[in-house]
Amino acid sequence: MRADGGGIILSSGLLNEDLYSRMHDYGARDGAAGTAHYADDGSLVSYEVASGDFNDAILDRFCVGFYYLDALNSVRRGGGSSVDPTRVVYPPDLHVGDILNLSPYTITTVGDVNGEVFAYEVIFNLPPQR
């Protein structure tokens with residue numbers, strides 16, 4: 001996060017949703033062979049992890065940085081932007097069939113870890129959710 005508010009989290013505390021409008025699926029590849037899912041308007045919504053997938057390849061496929069994807073998945077999967085007063089939350093490992101959220105508008109409704117859905121609080125304000 002930059003001090004001028006131009007990073008992932010704006011100075012107002014709101015997630016910078018404009019950063020995600022440029023996210024694009026550059027196609028399946030070794031380590032990112034899962035399925036991308038789209039909203040009716042053509043925007044990315046989620047990614048289903050396939051066997052052999054790993055984080056760096058997924059980040060490369062969608063041309064997004066680690067912390068950007070971490071913020072999108074902080075509520076239902078956990079990560080660096082997640083808050084749990086009972087324990088430290090780390091980004092989870094990937095499992096075949098996991099759903100990664102790819103939209104700032106579905107942070108609270110899309111994503112799971114090995115079939116389990118969490119409900120972490122986050123360190124930023126969410127844009128309107130659907």
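Given the structure is predicted, the values throughout are model-derived calculations rather than measurements. Only heavy atoms go into these numbers, but all of them, side chains included; no hydrogens, no water, no symmetry mates. Just so you know, residue 1 is the first one in the sequence shown, and it goes up from there.
In the hydrophobic clustering of this structure, Phe62 groups with Leu69; members are Ile, Leu, Val, Met, Phe, Trp, Tyr whose side-chain heavy atoms approach within less than 4.5 Å, directly or through other members. A chain of hydrophobic side-chain contacts below 4.5 Å, direct or via other Ile, Leu, Val, Met, Phe, Trp or Tyr residues, connects Phe66 to Val122. Follow the hydrophobic side-chain contacts under 4.5 Å out from Leu126 and you reach Ile8 in the same cluster. Linking ILVMFWY residues whenever their side-chain heavy atoms come closer than 4.5 Å, directly or via other members, places Ile99 and Val45 in the same cluster. Placement of Leu15 and Val64 within a single hydrophobic cluster is found when ILVMFWY residues are connected by side-chain heavy-atom separations under 4.5 Å, directly or transitively.
Across Asp70 and Gly79, no two heavy atoms sit closer than the pair OD1-CA, 3.1 Å. For Val113 against Pro92, the heavy-atom pair with the smallest separation is CG2-CG, 3.7 Å. Annotation for Ser82 and Val89: closest pair CB-CG1, 3.8 Å, computed over non-hydrogen atoms. Between Tyr47 and Ile58 the shortest heavy-atom distance is CE2-CD1, 3.7 Å. The shortest non-hydrogen separation linking Arg29 to Asp60 is NH1-OD2, 2.7 Å. Pro127 and Pro104 get closest at one heavy-atom pair: CG-O, 3.2 Å.
Side chains of His95 and Val49 form no contact here, defined as non-hydrogen atoms less than 4.5 Å apart. The shortest distance between side-chain heavy atoms of Asn125 and Leu14 falls below 4.5 Å.
Remark: Thr106 pairs with Asn101 by the side-chain hydrogen bond (donor to acceptor under 3.5 Å, both in side chains) rule, at least two apart or across chains. Checked against side-chain hydrogen bond (donor to acceptor under 3.5 Å, both in side chains), Tyr20 has no partners two or more places apart in sequence or in another chain. With sequence neighbours excluded, no residue satisfies salt bridge (charged side-chain N to carboxylate O under 4.0 Å, His left out) with Asp18. Checked against ring pair (Phe, Tyr, Trp, His ring centres under 6.0 Å), Phe118 has the following partners two or more places apart in sequence or in another chain: Tyr120. Take Asp56 and apply the side-chain contact (heavy atoms from CB on, under 4.5 Å) test, not counting sequence neighbours, and it matches Phe54, Leu59. Contacts of Arg130 classified as salt bridge (charged side-chain N to carboxylate O under 4.0 Å, His left out), with partners at least two apart in sequence or in another chain: none. Contacts of Ser51 classified as side-chain contact (heavy atoms from CB on, under 4.5 Å), with partners at least two apart in sequence or in another chain: Val96. With sequence neighbours left out, the ring pair (Phe, Tyr, Trp, His ring centres under 6.0 Å) criterion links Tyr26 to His24. Under the ring pair (Phe, Tyr, Trp, His ring centres under 6.0 Å) criterion, Phe124 pairs with no residue, sequence neighbours left out. When the salt bridge (charged side-chain N to carboxylate O under 4.0 Å, His left out) test is applied to Arg87, the partners found at least two apart in sequence or on another chain are Asp84.
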Please list, one pair per line, the donor and acceptor atoms closer than 3.5 Å that link side chains of residues 31-42 to other protein atoms, with sequence neighbours excluded.
residue	atom	partner	partner atom	Å
Tyr38	OH	Asp25	OD2	3.3
Asp41	OD1	Ser43	N	2.9
Asp41	OD1	Ser43	OG	2.6

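Counting only residues at least two apart or in different chains, salt bridge (charged side-chain N to carboxylate O under 4.0 Å, His left out) contacts with residues 95-124 comprise Arg77-Asp98.
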Just do the side-chain contact (heavy atoms from CB on, under 4.5 Å) check on Met23 and Leu72 with the steps written out, would you?
-> CA-CA 12 Å; Met23 193 165 39; Leu72 291 178; 4.1 Å; yes
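Within the model, atoms CG of Leu19 and OH of Tyr68 stand 5.0 Å from one another, a figure rounded to the nearest 0.5 Å. Atom OG of Ser81 sits about 5.5 Å away from atom CD1 of Ile9, to the nearest 0.5 Å. Note that CG of Asn55 and CG of Leu100 are 8.0 Å apart. Values are rounded to the nearest 0.5 Å. Atom CG of Asn73 is separated from atom CD1 of Ile107 by 8.5 Å, given to the nearest 0.5 angstrom.
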